Amino acid sequence: MIHQLIEKQLRLAVASIDPPVDPQSIQVVICQESQYGDYMTNSLMGIARQRKLNPRQFATEIKARLELDEYCESIDVAGAGFLNFRLKTEAIGQVLRQAIANGDSLFEKAIHPRTYVVDFSSPNVAKAMHVGHIRSTILGDCLARILKLLGHKVITDNHLGDWGTQFGKLILGWKTQLNQAQLEIDPISEMERIYKSLNAACDADPALYESAKRELANLQAGDEANLAIWKRMISLSQIQFDQIYSRLGVVFDHTLGESFYNGRLKSLVQDFTSSGLAHQHEGAVKIFFDDLPELKDHPAVIQKNDGAATYTTTDLATLEYRLQHWQPDEIIYVTDGRQQLHFKEVFTAFQRWMPGHRIKLNHVWFGSILGEDGKPFKTRSGEVVKLSELLNEAEERAQKVVAEKNPNLDQATQKEIARVVGIGAVKYADLLPNRQSDYVFSWDKMLSFNGNTAPYLLYAYTRVRSIFRKLAETGEAFESTSMPEKSRLEAPEEIKLAKHLLNFGFALQAVIADWRPNFLCNYLYDLAGFFARFWEACPVLKAEPPMRQTRLGLCALTGQVLKQGLEALGLETTDKM
RNA sequence: GCGCUCGUAGCUCAGUUGGAUAGAGCAGCGGAUUUCUAAUCCGCCGGUCGCAGGUUCGAAUCCUGCCGGGCGUACCA
């Protein structure tokens with residue numbers, strides 16, 4: 001991409017300076033104000049300051065050393081010492097022509113691919129997946145997709161909640177009040193029912209609570225009957241998870257739940273104790289962080305006074321397993337922001353456990369989904385919203401709109417479009433806000449055709465497809481090599497669209513730098529906007545060659561980037577809407 | 001109390017990590033369709049970026065203090 005050539009030239013120009021400059025400190029970015037240029041750097045000002053040079057004079061000297069005539073129409077020193085670059089339209093055309101001819105993507109793959117483990121979704125066995133799981137699932141899947149697109153090795157792992165105290169009550173309930181018929185019809189609801197029922201009963205009757213604890217102890221001791229029930233609950237739950245993941249298009253390489261690490265927990269506690277990293281305290285085993293102000297008052301419990309491990313223990317064992325088996329460069333944990341303290345503890349404990357290990361651990365946290373009243377998102381009756389029902393409603397609402405806007409399509413096509421649009425709308429609405437902020441869930445907003453929404457972007461894509469459909473009807477085909485050498489970008493709408501196409505890679509990089517897909521959402525929204533304006537102003541099929549070929553080329557690349565970008569977000573596309 | 005986080009247009013939110021004149025959508029007002037899908041596009045209106053200091057060429061962004069929300073602060077996950 002051209003901005004990388006500019007950056008390279010800048011680094012070269014600065015390289016001869018003594019004392020030497022860190023090349024990484026020179027960055028070329030998109031110029032926000034197009035009146036100044038297409039790209040700019042403000043890095044020279046910082047260097048000039050350090051060396052007590054006049055910033056404008058320094059920028060002027062560097063400018064003189066650049067050999068960018070082939071790509072830049074102008075290079076200007078501006079303001080306090082900015083360097084602004086305006087691209088030659090011929091150079092832009094050349095990049096686009098090559099991309100079409102070679103089938104290249106408009107972004108660069110990673111030069112040094114890394115290995116990432118992405119830990120996300122993590123629903124609980126014997127419970128319905130609900131709105132509380134969508135952000136982790138959608139965000140984690142999206143990050144995994146983008147890392148893969150950029151050429152990294154990605155391992156996705158679903159760390160199921162398949163172990164814990166709830167199984168005492170569940171097993172007791174299963175033995176005493178299971179309704180087999182209901183279990184056949186709707187296993188999740190039946191398991192939720194017996195859990196709720198036992199939970200209430202145990203609160204009222206301490207003796208019953210003791211029985212539940214005995215069932216749990218038996219399970220943990222390896223009692224065969226209890227193990228069989230537990231396994232059955234997992235497999236029934238997995239069927240439900242698979243249905244949801246299939247609808248969402250989410251795939252896991254591994255599903256290693258908490259229980260997978262049971263065998264390691266005791267010895268891990270032992271390791272921590274014997275190496276002095278953890279200490280007995282009030283009957284429990286804890287790791288203290290007296291030297292860290294934020295964790296000073298929050299020792300991590302790795303063994304409770306009843307001898308059981310905690311999720312901190314499990315997370316440490318999980319981390320160890322992943323290191324040993326997958327050798328990742330980084331692990332990404334995608335969870336609710338409320339677990340920040342927990343992950344601080346785990347990460348800090350890990351550093352002490354394996355000091356000097358160079359793995360990078362990222363807690364990618366997100367805010368809550370709120371209802372229109374600003375309180376946590378619930379159904380009208382105050383229940384948690386089940387994910388399956390949420391997706392159903394999304395498809396139903398989308399279906400109504402499709403039927404209204406495009407009644408001529410047959411039923412099956414309408415339904416398929418509604419599925420793509422409905423699921424896409426939910427995903428996009430989830431990825432669009434800054435992940436760290438809470439957002440208000442609104443059907444009307446996410447299904448609107450105006451504004452930064454999935455339907456708007458998907459519609460832009462169908463417009464591209466529509467042009468190529470029309471082209472095919474005339475018996476012509478878009479030759480991939482047919483964007484002619486003499487073709488030129490002329491209309492301002494063509495040039496703006498073309499320039500924006502060059503910046504796809506910036507958006508992908510920005511996502512990875514901060515684990516924030518909303519940068520890609522915003523890029524695609526801008527792209528769809530530039531394309532819409534191009535569409536209004538620049539007839540494609542009615543244009544004369546070579547302009548016609550140029551415009552077809554722009555359409556082809558816009559379609560390509562929209563599709564790649566939407567798929568990177570986890571959205572499917574459709575040719576008609 | 002302590003910790004994390006947020007406060008930007010009437011509403012819902014962006015703002016690529018310190019850049020140039022703070023942007024969208026909705027709502028409100030006004031335009032555009034013999035046309036490749038108008039599920040669209042264009043224009044107008046709308047701001048003391050919570051408040052007060054500080055850092056510097058330059059602050060919505062960084063530091064301090066205050067005000068106001070949310071969350072966390074379990075031997076739950």
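Predicted model only: the values in this text are computed from it and were never measured. By convention in this document, chain letters (A, B, ...) are assigned in the order of the sequence lines, proteins followed by strands, and residues within each chain are numbered from 1.
- Within 4.0 Å (heavy atoms only), A:Val540 reaches at least one base atom of the nucleic acid.
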Working for side chain to side chain donor-acceptor pair (under 3.5 Å), residues A:Asp76 and A:Tyr36: CA-CA 8 Å; A:Asp76 298 315; A:Tyr36 292 120; over 6 Å; no
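- Dense packing is recorded around CZ of A:Phe288, with more than 12 heavy atoms of other residues, nucleotides or ligands lying under 6.0 Å away.
- Base pairing analysis places B:C51 opposite B:G65; the two distances defining the Watson-Crick or G-U wobble pair are each below 3.5 Å.
- When the C1' atom is used for both B:C66 and B:A20, the distance is 32 Å, rounded to whole Å.
- Atom P of nucleotide B:A39 and atom CG of A:Leu409 are separated by 13 Å, given to the nearest angstrom.
- No contact: A:Gln509 has no heavy atom under 4.0 Å from any strand.
- Checking B:G72, B:C76, B:U40 against every side-chain atom of A:Tyr456, the shortest atom distance belongs to B:U40.
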Can you list the steps and then say if A:Asn452 with A:Tyr428 is a side chain to side chain donor-acceptor pair (under 3.5 Å)? CA-CA 9 Å; A:Asn452 199 345; A:Tyr428 194 81; 2.5 Å; yes
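- Neither side chain, A:Ser25 nor A:Asp22, offers a donor N or O lying under 3.5 Å from an acceptor on the other.
- Nucleotide B:A38 holds its P atom 16 Å from the CD atom of A:Glu404, rounded to whole Å.
- Side-chain atoms of A:Arg516 lie closest to B:G15 of the nucleotides B:C6, B:G15, B:C41.
- Nearest to the side-chain atoms of A:Pro433 among the listed nucleotides B:C76, B:A14, B:G19 stands B:A14.
- Of all heavy-atom pairs between A:Ala59 and A:Leu44, the closest is CA-CD1, 4.1 Å.
- Residues A:Arg338 and A:Asp336 are paired through a salt bridge, judged by an N-O separation under 4.0 Å between the basic side chain and the carboxylate.
- Residues A:Pro123 and A:Met129 come closest through the heavy atom pair CB-CG, 3.8 Å.
- Smallest separation of non-hydrogen atoms from A:Met577 and A:Leu458: SD-C, 3.5 Å.
- In terms of phosphate contacts, A:Thr312 brings no side-chain nitrogen or oxygen within less than 4.0 Å of OP1 or OP2 of B:C75.
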So which protein N/O to nucleotides 49-51 of chain B N/O distances come out below 3.5 Å?
none

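- As a whole-Å value, the separation of A:Met577 CE from B:A38 C1' is 13 Å.
- B:A22 makes up no base pair with any nucleotide shown, lacking Watson-Crick or G-U wobble contacts both under 3.5 Å.
- OP1 or OP2 of B:A38 sits under 4.0 Å from a side-chain N or O of A:Tyr459.
- Taking every side-chain heavy atom of A:Met40 into account, B:A20 is the closest of B:A20, B:C13, B:A77.
- The residue among A:Glu294 and A:Ala284 whose nearest nucleotide of RNA chain B is located toward the 5' end is A:Glu294.
- Residue contacts for A:Ala532: at a heavy-atom cut-off of 4.0 Å it reaches the sugar-phosphate backbone alone, with no base atom in range.
- Between B:G10 and B:U48, the distance separating the two P atoms is 8 Å to the nearest Å.
- Of the P atoms belonging to B:C67 and B:A52, the separation is 15 Å, rounded to the nearest Å.
- Look at A:Arg463 and you'll find a side-chain N or O under 4.0 angstrom from OP1 or OP2 of B:A38.
- Nucleotide B:G28 has B:C44 as its partner under the Watson-Crick or G-U criteria, with both atom distances under 3.5 Å.
- The side chain of A:Ala510 lies closest to B:U16, out of B:C75, B:U21, B:U16.
- With A:Tyr456 as the fixed residue, the ring pair (Phe, Tyr, Trp, His ring centres under 6.0 Å) test singles out one of A:Phe449, A:Tyr525, A:Phe531: A:Tyr525.
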What string of B, S and - do you get for nucleotides 23-35 of chain B, 5' to 3', if B is base contact, S is sugar-phosphate-only contact and - is no contact with any protein heavy atom under 4.0 Å? -SSS--------S
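- Following rounding to the nearest Å, A:Gln166 (CD) and B:A77 (C1') show an atom-to-atom distance of 8 Å.
- The side chain of A:Phe449 has B:U40 as its nearest neighbour among B:G15, B:U40, B:A77.
- For the pair A:Asn522 and B:C13, the criterion of a side-chain N or O lying under 4.0 Å from OP1 or OP2 is not met.
- Rounded to whole Å, the C1' atom of B:A9 lies 10 Å from the corresponding atom of B:C49.
- We find that CG of A:Leu44 is positioned 15 Å from P of B:G19, with the value rounded to whole Å.
- For the P atoms, the distance from B:A24 to B:G15 is 15 Å, rounded to whole Å.
- A:Asn434 comes within 4.0 angstrom of the backbone, heavy atoms only, and of no base.
- When distances run from any side-chain atom of A:Leu341 to the nucleotides B:A39, B:U73, B:C36, the shortest one goes to B:U73.
- Rounded to whole Å, the separation between the C1' atoms of B:C42 and B:U61 comes to 33 Å.
- Electrostatic pairing of A:Glu416 and A:Arg419 counts as a salt bridge here, judged by a charged N lying under 4.0 Å from a carboxylate O.
- The nearest pair of heavy atoms linking A:Asn42 to A:Met40 is ND2-CE, 3.8 Å.
- Comparing the C1' positions of B:C11 and B:G47 gives a spacing of 15 Å, expressed to the nearest Å.
- Between the NE2 atom of A:His298 and the P atom of B:C76 there is a distance of 16 Å, given to the nearest Å.
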Evaluate the ring pair (Phe, Tyr, Trp, His ring centres under 6.0 Å) criterion for residues A:His159 and A:Phe260: first the C-alpha distance (whole Å), next the side-chain angles of each, then the deciding distance (0.1 Å), finally the verdict. CA-CA 9 Å; A:His159 193 66; A:Phe260 182 77; 9.6 Å; no
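- With B:C36, B:U16, B:G19 as the choices, the nucleotide that has an atom nearest any side-chain atom of A:Phe519 turns out to be B:U16.
- We find that CD of A:Glu345 is positioned 12 Å from P of B:A77, with the value rounded to whole Å.
- One atom, CD of A:Gln340, and another, C1' of B:C71, lie 9 Å apart when rounded to the nearest Å.
- Map A:Ala507 and A:Ser368 each onto its nearest nucleotide of RNA chain B; the residue landing nearer the 5' end is A:Ala507.
- Closest heavy-atom contact between A:Glu345 and A:Leu295: CG-CD2, 4.0 Å.
- Checked by distance alone, A:Asp306 brings no side-chain donor or acceptor within 3.5 Å of a matching partner on the base of B:C75.
- Contact annotation: A:Lys304 reaches the phosphate of B:C76 (side-chain N/O to OP1 or OP2, under 4.0 Å).
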